[in-house]
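Comments concern the structure below.
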Amino acid sequence: MPEMRQSSLVVVANRLPIDDNQAPDGACEWRRSPGGLVSALHPLLRHTPATWVGWAGGTGTAPALPDVDGVRMHTVALSHDDLRDHYEGFANATLWPLYHDSVEQPQHHRRWWEAYQRVNQRFAEATSEVAEQGAVVWVQDYHLHLVPGQLRALRPDLRIGFFLHVPFPPPELFMQLPRRAELLRGMLGADLVGFQRAQAAHNFAQLVTKVLELPATDRRIGIDDRVVRIGAFPVSIDTAEMAALASRPDVAARARRLRQDLGDPRQVILSVDRMDYTKGIEQRLKAYSELLAGGDVKVRDTVLVQVAMPSRERVGQYQILRERIEREVGRINGEFGRVGEPAIHYLTRPFDRAELAALYRVADVMAVTPLRDGMNLVAKEYVAARVDDDGALLLSEFAGTAAELSQAYLVNPHDLEGLKQGLRAALRASPADVTERMRAMRAHLHRHDIRAWARSYLSALDETGTLVSRLTSTDDTVRVPRPATRAASAAHHAGG
């Protein structure tokens, strides 16, 4: 057995920050994936002993993985039953729909809850093994609500943070959970609980008061002999990286070819979503169909590109959703398309970062209209990629991003007429208006990028300042605000 190495910083997430790629000779290659969280933490992780605890994908024995860019990978094994009952079950068929306004009815099964407890305990024990004395541990998202409490019971010496990337529901929805008290206590094992928006922190404080009868404000909660701090820390993207990618000559050339391949239309509408019932894909297609039927949009002049990447394909609700969307796309193309001129280009294959940046550069209108979203980083990626200060962003009021990118064309995706009006406004906007809005949004993203998010959270969590000082010792010159100032700023930009 190799000697267990311990770290002063441990990131705990459902998945490891790696992709399992097949080399030409058939061998497995483990590479750093381009996920937002990885991009945020990478400068910090390179300058301090760090470990990432997570699931590597697949079932069975956890593979031993090499370090990735100096970050130690510590794998947690999931069995077939764990994957079915914890991941597909409690996490994604109970919590996910509940946290997204119950767009689909949450399901409740006792064996799912048992699996959720079991898997969370396994993550907590794995984290306890790799964290050195007094280490900072950052637990991520709704798959691991119980880990902070379980970890504190194992290792009270640790500094524990928890961040929820998805929305946190209002009390009347959360109260439906049969195990609501246990989830709240699990989160309260952390020293700092972070949310995307200030409203989510407010919801959490209300629930803690109602369910656990603990003294709470929107900033602090008292439990036992501790104070748990809560706040809003809106997540962002690597703005500079996306802008640099979109500026590459090969990406610009690819964008020109894509437009030609689309028939060189006057305007291109783009949507990029995971195949999920929270993304508002069906409502968007309905609005576009009615614009075509009413003559507001003509196929020869305007084309919609809908990228819908498959997600959770073993879950029945997602299979049904995909079938409905594909039928609707077929109906619209059959009714309004012409030979060689479909009304909708529907794509389900994955895109690499460069091709995605090219698509962003092609899009005259980017339609991001989820029914509910914690943040939605696609909207931010589109803005960062528009180095020409062109392009209109049509954005749902119910995406966390709307609190920051208020210059977008904001719509209520539940209101079909309002959604159609928003699309018309974005398509018909003057170049001067589009440029003014885009410049304002780009300026905001350059000030509030992914590294600023990581710094703001860790500066609030790590009272010694050691980790943040290491981060600022790199060649990145973005200023690190004091925790109180940054927390207030984060709450403001989260709309609270």
Side-chain angles (χ1 to χ4, degrees), residues 13-43 52 54 56-58 65-66 68-69 71 73 165 235-262 268-276 279 281 303-313 322 344-368 375-388 391 393 401 445 449-451:
N14 180 61
R15 290 299 299 264
L16 289 171
I18 48 181
D19 288 327
D20 183 3
N21 295 293
Q22 289 292 326
D25 62 0
C28 238
E29 295 180 344
W30 294 94
R31 302 173 181 168
R32 185 166 67 92
S33 68
L37 183 62
V38 187
S39 300
L41 296 182
H42 189 233
W52 196 300
L65 302 179
V68 177
D69 289 352
V71 180
M73 299 289 118
H165 292 261
V235 73
S236 193
I237 63 167
D238 189 335
T239 308
E241 182 268 342
M242 177 53 75
L245 183 61
S247 298
R248 279 176 14 190
D250 62 310
V251 171
R254 177 60 179 150
R256 290 191 293 271
R257 288 196 301 273
L258 280 170
R259 197 170 196 101
Q260 291 171 358
D261 292 343
L262 292 170
V268 175
I269 305 169
L270 172 66
S271 289
V272 177
D273 306 281
R274 239 177 358 93
M275 182 69 75
D276 194 286
K279 299 302 182 182
I281 300 173
V303 64
L304 170 62
V305 178
Q306 174 64 65
V307 178
M309 288 169 280
S311 173
R312 302 167 190 157
E313 292 183 274
R322 179 168 181 168
I344 299 172
H345 290 258
Y346 175 70
L347 305 167
T348 59
R349 66 178 178 84
F351 287 79
D352 64 29
R353 297 283 288 165
E355 193 163 16
L356 197 56
L359 276 171
Y360 291 150
R361 291 202 59 169
V362 167
D364 301 287
V365 175
M366 182 78 200
V368 181
M375 183 53 59
N376 195 294
L377 298 182
V378 166
K380 292 189 174 185
E381 287 183 343
Y382 175 70
V383 170
R386 294 315 301 233
V387 292
D388 54 0
L393 175 62
T401 325
L445 282 190
D449 69 354
I450 192 78
R451 290 174 180 83

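Start at 1 with the first residue, then count along the sequence.
Interatomic distance, Asp250 CG to Leu245 CG, rounded to the nearest 0.5 Å: 8.0 Å. Here the CG-CG distance, from Leu377 to Asp238, works out to 11.5 Å after rounding to the nearest 0.5 Å. Asp273 CG to Ile281 CD1: the interatomic distance, rounded to the nearest 0.5 Å, is 4.5 Å.
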task: Begin from the C-alpha positions of Val272 and Met309 and carry the test side chain to side chain contact (heavy atoms under 4.5 Å, CB included) through to its verdict.
output: CA-CA 8 Å; Val272 177; Met309 288 169 280; 3.7 Å; yes
Step-by-step side chain to side chain contact (heavy atoms under 4.5 Å, CB included) determination, Val68 to Leu16: CA-CA 10 Å; Val68 177; Leu16 289 171; over 6 Å; no
field: Check against side chain to side chain contact (heavy atoms under 4.5 Å, CB included), Leu347 and Val305
entry: CA-CA 8 Å; Leu347 305 167; Val305 178; 4.2 Å; yes
- request: Step by step, work out the side chain to side chain contact (heavy atoms under 4.5 Å, CB included) result for Glu381 and Met366.
  value: CA-CA 11 Å; Glu381 287 183 343; Met366 182 78 200; over 6 Å; no
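Ala358 meets the side chain to side chain contact (heavy atoms under 4.5 Å, CB included) test with Val251, Arg254, Ala255, Leu258; sequence neighbours excluded. Scanning for side chain to side chain contact (heavy atoms under 4.5 Å, CB included) contacts around Ala253 gives Arg256, Arg257, with sequence neighbours left out.
Side-chain contact between Arg322 and Thr348 is present, with heavy atoms from C-beta onward closer than 4.5 Å. Counting heavy atoms from C-beta outward, Met375 and Lys380 have side chains that approach closer than 4.5 Å. Looking at heavy atoms from C-beta onward, Val383 lies out of side-chain contact with Met242 at the 4.5 angstrom threshold. A heavy-atom distance below 4.5 Å is found between the side chains of Pro17 and Met73.
For Arg386 (side chain) and Arg361 (main-chain N/O), a donor-acceptor pair under 3.5 Å exists by modelled atom type. Not one N or O on the side chain of Thr239 forms a donor-acceptor pair closer than 3.5 Å with the backbone of Ala384. Without hydrogens or angle criteria, Tyr382 side chain to Ala363 main chain gives a donor-acceptor distance under 3.5 Å. Checking side-chain atoms of Thr401 against main-chain N and O of Ala379 turns up no donor-acceptor pair under 3.5 Å. At least one donor-acceptor pair under 3.5 Å links the side chain of Asp364 to the backbone N or O of Val268. At distances below 3.5 Å, not a single donor-acceptor pair connects side-chain atoms of Asp276 with backbone N or O atoms of Lys279.
Using a 4.0 Å cut-off between charged side-chain N and carboxylate O, Asp261 and Arg259 make no salt bridge. Classification of Arg451 and Glu241 as a salt-bridged pair fails, no side-chain N sitting under 4.0 Å from a carboxylate O.
Remark: Arg349 is positioned above the aromatic ring of Phe351, its terminal NZ or CZ atom under 6.0 angstrom from the ring centre and at most 45 degrees off the axis.
In this structure, Ser271 and Ala367 approach most closely via the heavy-atom pair OG-O, 2.9 Å.
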